[in-house]
Amino acid sequence: MNQRPDAPPILFLSHGAPPLADDQRWTQELAGWSDTFAKPKDILMISAHWENAPVSLSATVQKNELVYDFWGFDQKYYDVRYDAPMAPELANEVERLTSAHGHHVQRDESRGLDHGAYVPLKEMFPEADVPVVQMSMPTLDPTGLFELGKSLAPLRERGTLIVGSGFTTHNLRWFNPAGGPDSTPPSASSEFDHWAEEAMARGDVDSILDYLHKAPAAREAHPRSEHWAPLYVALGAAYASGGIDAKTAIDGFWFGLSKRSWTLS
């Protein structure tokens, strides 16, 4: 596919927990990243925090509360608002494209944006003036998600920013608040991060899809794969819309977890 030069990029980002908003370095990195490309027409978010089959789309008829899908945090994190416009035209296009590839699509008009969507978007588009719709992951199968992503590639032609939102390493057993956000990461986290950096730079789709057998410390870095899985959707979209040209936009670690994030195409 020949991609128009002004088409929005495709992103995979590590989104952090709600306290990301208190991390000045990371919030500045996210804000600076969004300054590197033009404001998109709308945004399609694929978050680690919404697994549902069949493919489901968030509300487009009436606004709903954000999904505060976390527990035990200070009240201020439940008071956060992100009133982005809804994106019914984008939802219709997503449904058309994915249905053409054999997916049944349902609308969940009770579903707002979860923290995998609104936490990073609040830093990248603080004015909340870009329409957003969220799409569920109907499976965690790497190939299935990659193929789903390929079906979404034409969205870039209409000005849609496609964002996979997960975490490059995600083992909450490593999370130690007493150590602080800049504590030395576990070796398993740094090893997986280094492997991911190199595999993505090569555009090595086969290895990334087969990460359980190809990556060091894969099962430690991801005891469950839901935070790695949004990358497959983003990779598929990039692959089918001109090829994967992955560039690290954010790196480093946060409480031992790799926050590496990429511009894919």
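Everything numeric in this text was worked out from a predicted model, so none of it was measured. Values reported hereafter were calculated over all heavy atoms of this structure, with side chains retained and with hydrogens, waters and symmetry mates removed.
Using cut-offs of 30° and 60° for the angle between ring planes, the Tyr211 and Tyr232 rings count as tilted. Relative orientation of the Trp228 and Trp262 rings is perpendicular, given thresholds of 30° and 60° on the angle between their planes.
The ring of Phe70 has its center closer than 6.0 angstrom to the ring center of Tyr78. Ring centroids of His227 and His222 are separated by 6.0 Å or more, keeping the two rings apart.
With hydrogens and angles left out, the side-chain atoms of Thr169 and Ser258 include no donor and acceptor closer than 3.5 Å.
The number of heavy-atom neighbours closer than 6.0 Å to CZ of Arg25, taken from other residues, nucleotides and ligands shown, is 12 or below.
Counting only heavy atoms from C-beta outward, the side chains of Leu148 and Thr98 approach each other to under 4.5 Å. Put simply, the side chain of Leu20 does not reach to within 4.5 Å of the side chain of His15, judged on heavy atoms.
Taking each heavy atom of Trp26 and Lys259 in turn, the nearest pair found is CZ2-CB, 3.5 Å.
For the side-chain hydrogen bond (donor to acceptor under 3.5 Å, both in side chains) test, residues two or more places apart in sequence or in another chain that qualify with Tyr77 are Asp22. With sequence neighbours left out, Phe253 forms a ring-ring contact (aromatic ring centres under 6.0 Å, His included) with no residue at all.
Salt bridge status for Arg111 with Glu65: absent, with no side-chain N to carboxylate O gap under 4.0 Å. Electrostatic pairing of Asp245 and Lys247 counts as a salt bridge here, judged by a charged N lying under 4.0 Å from a carboxylate O.
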Atom pairs and distances, side-chain donor-acceptor, residues 137-146, under 3.5 Å, sequence neighbours left out:
residue: Thr139; atom: OG1; partner: Asp141; partner atom: N; Å: 3.0
residue: Asp141; atom: OD2; partner: Thr143; partner atom: N; Å: 3.4
residue: Asp141; atom: OD2; partner: Gly144; partner atom: N; Å: 2.6

Checklist entry - What do the steps show when you test Asp193 against Thr168 for side chain to side chain donor-acceptor pair (under 3.5 Å), and what is the final call? => result CA-CA 7 Å; Asp193 170 75; Thr168 294; 5.6 Å; no
Checklist entry - Can Ser14 and Arg260 be said to form a side chain to side chain donor-acceptor pair (under 3.5 Å), step by step? => result CA-CA 6 Å; Ser14 295; Arg260 188 175 298 277; over 6 Å; no
